[in-house]
Amino acid sequence: ERKVKVGVLKLTSSAPIFVGVEKGFFKAFGIAPELVFFQAAAPIATALAAGQIEVGATGLTAALYNIVLQGEKLWIVADKGREWPGYPLVGIVVQRELWDKGEIRSVKDLRGKRIGLTTLGSTFHFHLGNILEKEGLKLADLKVIPLQAMPSTVEALKGKQVDAIMVPQPFPGRTEAEGFGKILAWAGDLYAWQIATVFYGKGFAADREKAVDFMKGYVKASRYYHDAVLVQKDGRVVPGRNYDEVVQITAKYTGARPEIIKIGFPYQDRNGRLLVPDIEKQMTWWVEHGFMKRAIPLKEIVDTSFVEAAIQAVKE
Amino acid sequence: MSGARVPVEDRTRFLERRELKTTRVLSLIGLVLLWELLARIGWVPRLFLPAPSSVAGEAVEMVASGELFRYLGSSLLRLGLGFALGALAGIVIGMAVGIASLAEAVVMPVIAATFPIPKIALLPLLILWLGIGEPPKVAVIALGVFFPMAINSFTGVRNADPLLARAAVSFGAGRWSVIRKVMLPSALPMIFAGLKLGAGTALLLLVAAEMIGAESGIGFLILHAQNIMETTKLMVGIVVLSLLGILSHWVLTRLERLAIPWKHN
Amino acid sequence: MSGARVPVEDRTRFLERRELKTTRVLSLIGLVLLWELLARIGWVPRLFLPAPSSVAGEAVEMVASGELFRYLGSSLLRLGLGFALGALAGIVIGMAVGIASLAEAVVMPVIAATFPIPKIALLPLLILWLGIGEPPKVAVIALGVFFPMAINSFTGVRNADPLLARAAVSFGAGRWSVIRKVMLPSALPMIFAGLKLGAGTALLLLVAAEMIGAESGIGFLILHAQNIMETTKLMVGIVVLSLLGILSHWVLTRLERLAIPWKHN
Amino acid sequence: MRVVIERLSKTYGDRSGKSVEALQSIDLGVEEEEFLAIVGPSGCGKSTLLNIIAGLLAPSEGGVFFEGLRDGWHPPTAMVFQEFALFPWRTVLGNIEFGLEERGVAAEERHARAMRLVELVGLVGFEERYPNQLSGGMRQRVGIARALAVEPAVLLMDEPFSALDAQTRQLLQVELLAIWERTRKTILYVTHNIQEAVFMADRVAVLSRRPGRLIAIVPVELGRPRREAMLGDARFLHTVDLIWGLIKADAQQALAEGGS
Amino acid sequence: MRVVIERLSKTYGDRSGKSVEALQSIDLGVEEEEFLAIVGPSGCGKSTLLNIIAGLLAPSEGGVFFEGLRDGWHPPTAMVFQEFALFPWRTVLGNIEFGLEERGVAAEERHARAMRLVELVGLVGFEERYPNQLSGGMRQRVGIARALAVEPAVLLMDEPFSALDAQTRQLLQVELLAIWERTRKTILYVTHNIQEAVFMADRVAVLSRRPGRLIAIVPVELGRPRREAMLGDARFLHTVDLIWGLIKADAQQALAEGGS
Ligand SMILES: Nc1ncnc2c1ncn2[C@@H]1O[C@H](COP(=O)(O)OP(=O)(O)OP(=O)(O)O)[C@@H](O)[C@H]1O
Ligand SMILES: Nc1ncnc2c1ncn2[C@@H]1O[C@H](COP(=O)(O)OP(=O)(O)OP(=O)(O)O)[C@@H](O)[C@H]1O
Ligand SMILES: [Mg+2]
Ligand SMILES: [Mg+2]
């Protein structure tokens with residue numbers, strides 16, 4: 001068995017990896033993943049660049065592109081979460097009062113308002129920008145306030161310090177439950193995009209056989225995950241045969257309560273395929289907004305050959 | 001004989017120190033009651049400041065499941081090691097810098113320059129050099145403990161009575177003897193202040209230390225509970241930190257009394 | 001007369017303090033050179049530790065565009081205010097606790113219990129109570145400065161020579177006079193150590209302070225640069241913090257000399 | 001003002017349980033305008049006694065009373081400390097002014113009075129020096145000046161001239177007597193010099209070795225003002241011999257037995 | 001061992017530019033096995049001189065030499081400090097043992113020697129006390145014991161008995177002389193008591209008021225061992241008078257002019 005150090009966040013978004021480990025999908029291909037838990041996304045990228053982990057699974061942020069721009073090679077190899085219509089993940093939540101007064105009823109009404117989110121240059125930031133552009137607005141038309149942590153962001157809405165916030169599940173639901181927030185829209189419904197991916201470090205990618213074997217396990221886990229928790233009918237999730245098992249595995253790894261986990265799993269491609277064009281678009285956007293100095297040619301950062309080889313190899 | 005007969009009273013009584021152990025305990029109970037009250041009257045939302053009663057409930061569960069002790073165990077190791085390393089380095093370097101002008105001129109600017117560097121900005125370098133296991137976690141704590149220790153030890157040595165140093169020299173004490181037998185005891189009160197600060201700082205930095213590659217630990221608990229919005233668990237973590245803070249303060253105060261007997265009799 | 005003629009030499013020379021101003025400057029230059037070397041020999045990838053030369057280049061750009069000064073401006077205000085508030089509160093409370101046993105018994109456990117609470121866990125409460133403007137940022141810094149100040153002031157008062165306090169009382173000094181005229185000057189060396197620690201801590205916490213809704217400031221620069229992995233900009237921020245650290249240390253050392261003339265002649 | 005000491009005892013406790021009995025049942029009345037000297041072997045409790053009178057130490061038993069206290073100002077005492085107890089952060093002038101500050105004397109008058117005392121104790125030119133720049137004797141003189149400055153109803157002096165050379169000491173003794181004759185304050189004067197005690201005082205209280213008990217109160221039958229010539233007076237010599245005899249046996253025994 | 005002081009001057013500087021000239025061109029040889037007393041007015045530089053000889057202070061000009069130093073141990077001096085300079089964190093015993101520790105004496109012997117000195121200075125029962133639990137005189141005796149313990153080639157004593165009562169002082173004077181006669185070390189003894197200086201010393205060095213210059217070296221023509229009876233000896237009284245005369249004018253002037 002070959003060991004692979006995998007850096008993950010201890011969150012629901014890492015569920016496919018947890019499933020792969022727990023169900024022995026990696027093991028089946030002679031891979032023994034060693035999970036290394038992180039409490040923030042940035043150190044995962046750093047650890048990957050430093051060679052301390054071989055595989056990383058986290059959000060696709062400006063940070064990652066900048067790491068590559070500064071000469072540390074790493075590869076985006078597979079999907080690990082998308083914003084997808086019908087799958088509530090990141091929500092735009094407005095103050096209940098403003099909603100009730102009719103002041104904000106659509107994305108367009110956000111013009112001139114104050115919107116809180118965690119960090120500038122985060123996936124949320126990118127996403128917000130794109131949603132606004134779709135609605136004919138620009139980021140400059142409103143005021144984005146970075147608040148670093150989720151609780152701070154939610155608290156700022158509650159304290160009426162901001163008019164709206166952009167936060168992932170389960171926070172949108174909670175703000176409604178507590179009565180101070182109203183979900184304006186789910187980001188995925190407005191705009192689908194690649195939110196998180198699996199990365200390979202330079203050395204790991206070079207060890208082609210091992211890298212493909214790892215991917216085989218991952219593809220198998222993805223399918224299992226997808227069939228269990230993501231299949232929808234008429235806009236509602238139909239729990240698959242292994243729904244409860246996946247919930248339970250996720251609960252075991254994240255320590256979160258099942259009822260919170262059940263609020264929603266992030267969407268991801270059944271085979272772990274990437275939305276490659278979206279990645280290019282993201283880079284363009286980061287460059288436009290000054291978060292990156294220049295774009296990276298896709299072939300220098302995205303390598304879909306692993307996932308394709310794995311899909312070929314792993315039978316249904 | 002005109003005028004009154006006035007008894008002389010000890011006017012230095014206000015300088016006296018009493019122990020007031022019950023007051024100490026009452027103070028902490030008051031703090032908890034205040035918190036409960038704040039939570040009850042709804043001044044603070046349940047979500048962000050759960051009432052002590054519910055925190056206690058959660059804590060009991062975590063104790064029953066053994067989770068809390070496991071976390072405590074892994075954190076205590078990091079804390080202990082980081083504290084010991086940081087404190088030792090701080091005392092040694094602080095005292096060296098206090099006694100030798102050359103060391104002072106070389107090291108002090110470096111200390112002043114590196115002290116303000118935020119630990120989170122150091123994480124990448126720590127990961128690069130020390131990996132993602134225990135070493136970087138211990139290093140974060142040690143670094144945090146180092147600065148208050150070094151600056152306080154330095155100040156302690158600098159403020160030692162020069163007459164006593166000269167007395168020691170007159171009896172043949174060399175540099176090393178003076179350091180051990182004059183500077184060190186003179187600096188002890190400040191060193192203990194530094195240790196108290198260091199202990200608090202170590203606990204404070206546990207969260208930063210357990211940001212990378214931790215699967216257990218109180219800092220991990222706090223971070224993770226915050227990520228998954230389990231505020232009650234978060235508060236359990238904070239309460240544990242607070243208790244450790246009180247405990248370490250108490251232990252250090254006791255130790256101080258043992259180490260400085262000549263001031264406490 | 002047998003035996004040699006041996007001149008008596010001043011054996012206390014090693015206790016003397018020299019200024020060594022050039023060594024101080026050389027030490028910092030050495031630090032920068034070491035850093036450049038580390039970067040040049042490629043031991044550390046550029047991503048993790050960009051060379052000082054490239055950091056300087058970036059800094060020049062940021063100065064030219066006025067960005068750096070804008071950031072510095074907004075941070076200095078927060079730092080100044082937070083430092084002043086925290087230091088004042090720390091000195092007042094620390095000294096009060098040092099002199100009055102009752103205050104000590106009530107406040108010390110609370111200090112020991114609240115010191116280890118990580119600032120990031122407090123952010124939501126600070127936002128709730130103080131909003132997202134300047135007040136919570138100032139509060140984070142003030143909180144950080146408070147603890148070292150309080151503990152050092154406390155220790156300073158506790159270690160004042162009781163003979164001098166009694167001498168003051170014998171001349172009619174009451175509690176307040178004793179505090180001002182005996183405890184305060186006795187505690188000055190420790191208070192200055194606390195101020196140095198406080199200044200470092202304030203700079204250290206700038207990043208945490210500017211986590212809340214900041215759009216400019218050195219802490220914001222560091223956070224933002226780290227979020228998007230712009231290590232050169234990040235280093236510009238850190239270098240600015242370091243320079244502020246050196247500056248504040250230097251200013252405090254000067255002030256200390258002015259405030260404690262009886263030890264420096 | 002009279003100082004009445006009644007059944008005064010003092011035992012120093014210790015955390016470890018060891019305790020030292022310093023004073024044992026002292027009964028003593030110091031008359032208005034009296035110059036009382038106190039002599040006794042080292043460690044017998046002289047400083048302890050002065051500290052209790054100054055209100056700086058609580059007695060274990062008994063007490064001290066001021067009778068006939070007229071002016072409102074408290075404390076009516078000022079003390080010259082055996083260890084000087086100068087404030088290191090105050091200059092010579094600042095130290096001397098301390099008591100005046102506490103009594104609310106205006107800055108100008110404070111300065112004028114302090115300057116007069118600087119002259120009296122021979123420290124002109126050192127007004128702005130800090131204690132650590134002074135010699136031992138100079139420090140002691142600052143301590144004396146500080147106590148004299150407040151013109152207290154009761155002056156407590158704990159071996160005030162011990163660090164002074166013979167010449168300076170003599171000059172200051174004469175000055176002190178002159179001040180006392182002019183202002184007629186009550187003075188309690190601890191000294192280990194029996195000649196000095198007799199030369200200066202109206203009465204000499206003799207304490208035993210530790211625990212200090214009052215062995216005797218010896219009146220001095222010399223006229224006032226005292227003059228150097230009296231040092232050869234038969235009454236002077238007789239009184240000195242008497243006191244010497246009183247403490248000799250006691251002190252010798254003390255040294256032999258050590259502190260046991 | 002001889003101590004040779006050659007053209008020794010010391011001026012204390014000050015950051016603010018004010019400086020004090022403490023010693024001016026002192027030339028003095030202290031003979032092997034000599035007991036030399038030093039007297040002089042307060043602030044004339046006596047402590048400064050001892051500190052320079054002990055190697056604790058650098059002279060401004062000139063220097064001090066040891067001649068005929070035989071045993072290898074440095075420093076050959078031990079000092080009784082005017083301010084006692086006890087280590088507050090060491091007990092009586094710990095303080096007395098300090099110098100022995102530095103000389104590498106084994107723990108047991110250290111203890112035995114320290115205990116003997118505790119007895120000598122009359123502090124039995126106080127071995128485990130800290131200095132802040134002692135009276136002034138007891139502290140001074142600890143300082144004396146600490147210096148005697150190392151049996152130095154040159155013993156420097158700065159007003160060693162100033163805080164002791166007459167009786168204890170006399171006993172310790174006799175003890176010191178006995179020790180000196182037995183071991184024949186060189187002793188430099190600063191005192192402000194002229195009688196004491198003459199009673200104890202072979203020669204008395206008289207210093208002028210600040211800046212301290214050597215006015216005279218007065219040999220004492222009394223036999224050894226000295227006895228109390230000699231205090232009435234004509235030669236004794238004559239020498240005292242001589243010295244007294246030497247410093248009187250000088251000191252009076254000093255006090256009149258203050259520190260100017
Ligand atoms: N703070 C203290 N704690 C314990 N014991 C003390 C303390 N202060 C004094 N003593 C003891 O009390 C006794 C009397 O001390 P005190 O200072 O009053 O003596 P004294 O007569 O002034 O002696 P001296 O002439 O040496 O100054 C001594 O035996 C001393 O050891
Ligand atoms: N550290 C110092 N800084 C400045 N001046 C000093 C210092 N120490 C002593 N002096 C000055 O030097 C002179 C001599 O001091 P020294 O202590 O040698 O006198 P002394 O002869 O021992 O006097 P005393 O009998 O009063 O102890 C004094 O005028 C004093 O003010
Ligand atoms: Mg006394
Ligand atoms: Mg002297």
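Computed from a prediction, not measured in an experiment: that's the story for all the values here. Letters A, B, ... mirror the listed sequences (proteins, then strands); counts begin at 1.
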Enquirer: Using a cut-off of under 4.5 Å for heavy-atom pairs, which of B:His249, B:Met190, B:Arg24 has the most such pairs with chain C?
Expert: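 Looking at each option in turn, the highest pair count goes to B:Arg24.
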
Enquirer: Taking the side chain as everything from C-beta on, heavy atoms only, tell me whether B:Lys119 gets closer than 4.5 Å to C:Leu204.
Expert: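 Sidechains of C:Leu204 and B:Lys119: in contact.
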
Enquirer: Side chains of C:Leu31 and B:Pro109: does their closest heavy-atom pair fall under 4.5 Å?
Expert: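 They are not in contact (no side-chain heavy atoms under 4.5 Å apart), so the answer is no.
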
Enquirer: Of all of B:Leu223, B:Val207, B:Ile120, which one pairs up most often with chain C through heavy atoms under 4.5 Å apart?
Expert: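 Result: the option with the highest number of such pairs is B:Ile120.
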
Enquirer: Does the side chain of B:Ser242 reach to within under 4.5 Å of the side chain of C:Ile117, using non-hydrogen atoms?
Expert: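 Result yes, sub-4.5 Å side-chain heavy-atom pair found.
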
Enquirer: Less than 4.5 Å to any heavy atom of chain B: does that hold for the side chain of C:Thr23, its backbone, both, or neither?
Expert: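 Contact with chain B is through both the backbone and side chain of C:Thr23.
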
Enquirer: Less than 4.5 Å apart, side chain to side chain, heavy atoms only: is that true for C:Met108 and B:Ser27?
Expert: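 Side-chain contact under 4.5 Å: no.
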
Enquirer: Pick one of side chain, backbone, both or neither for C:Val182, based on which atoms fall under 4.5 Å of a heavy atom in chain B.
Expert: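 Contact with chain B: none, neither part.
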
Enquirer: Where on C:Val169 is there a heavy atom nearer than 4.5 Å to chain B: the side chain, the backbone, both, or neither?
Expert: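 Both backbone and side chain.
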
Enquirer: Contact between B:Lys263 and C:Arg158 at the side-chain level, heavy atoms closer than 4.5 Å - yes or no?
Expert: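 Side-chain contact under 4.5 Å: no.
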
Enquirer: Do you know which of B:Gly30, B:Pro118, B:Pro162, B:Ala199 has the most heavy-atom pairs under 4.5 Å to chain C?
Expert: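 If we count pairs closer than 4.5 Å to chain C, B:Pro118 comes out on top.
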
Enquirer: Highest number of heavy-atom pairs under 4.5 Å with chain C: which of B:Glu104, B:Glu19, B:Met183?
Expert: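 That would be B:Glu104.
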
Enquirer: Please report the interatomic distance CG(B:Leu195) to CD1(C:Ile151), rounded to the nearest 0.5 Å.
Expert: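 Going from the CG atom of B:Leu195 to the CD1 atom of C:Ile151 covers 11.0 Å.
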
Enquirer: Is B:Thr201 in contact with chain C via its backbone, its side chain, both, or neither, using a 4.5 Å heavy-atom distance?
Expert: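 For B:Thr201, heavy atoms of backbone and side chain both lie under 4.5 Å from chain C.
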
Enquirer: Please give me the minimum heavy-atom distance between C:Arg17 and B:Ser101, naming the atom from each residue.
Expert: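 Smallest heavy-atom distance, with atoms named: CA-OG, 3.3 Å.
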
Enquirer: Can you tell which of C:Pro148, C:Gly174, C:Gly219 has the highest number of heavy-atom pairs within less than 4.5 Å of chain B?
Expert: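 That would be C:Pro148.
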
Enquirer: Is C:Val178 close to chain B through its backbone or its side chain, or both, or neither, when contacts mean heavy atoms under 4.5 Å?
Expert: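 The answer is the side chain of C:Val178.
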
Enquirer: From B:Ile246 CD1 over to C:Thr114 OG1, what is the distance, rounded to the nearest 0.5 angstrom?
Expert: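 So the CD1 of B:Ile246 and the OG1 of C:Thr114 are separated by 9.0 Å.
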
Enquirer: What option among C:Gly245, C:Pro116, C:Pro45, C:Gly200 has the most heavy-atom pairs under 4.5 Å with chain B?
Expert: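 Greatest number of close heavy-atom pairs with chain B: C:Pro116.
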
Enquirer: For the candidates B:Thr12, B:Asn152, B:Ile238, which exhibits the highest count of non-hydrogen atom pairs separated by less than 4.5 Å from chain C?
Expert: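 Highest number of pairs under 4.5 Å: B:Asn152.
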
Enquirer: Checking heavy atoms, do the side chain of C:Leu102, its backbone, both or neither come under 4.5 Å from chain B?
Expert: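 Its backbone and side chain both get close to chain B.
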
Enquirer: Heavy-atom distance under 4.5 Å to chain B: side chain of C:Ser248, backbone, both or neither?
Expert: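 Neither part, no heavy atoms under 4.5 Å.
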
Enquirer: As a test of understanding, state which of B:Leu197, B:Leu203, B:Leu241 forms a side chain to side chain contact (heavy atoms under 4.5 Å, CB included) with C:Phe115.
Expert: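 Among B:Leu197, B:Leu203, B:Leu241, the one meeting side chain to side chain contact (heavy atoms under 4.5 Å, CB included) with C:Phe115 is B:Leu197.
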
Enquirer: Looking at every non-hydrogen atom in both residues, tell me the closest pair between C:Leu28 and B:Ala113 and how far apart they are.
Expert: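 Minimum heavy-atom separation between C:Leu28 and B:Ala113: CD2-CB, 4.3 Å.
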
Enquirer: Supply the atom-to-atom distance C:Leu49 CG to B:Trp129 CH2, rounded to the nearest 0.5 angstrom.
Expert: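 Result: 6.0 Å between the selected atoms.
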
Enquirer: By a 4.5 Å heavy-atom criterion (distance strictly below it), what part of C:Met235 contacts chain B: side chain, backbone, both, or neither?
Expert: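 No part of C:Met235 comes within 4.5 Å of chain B.
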
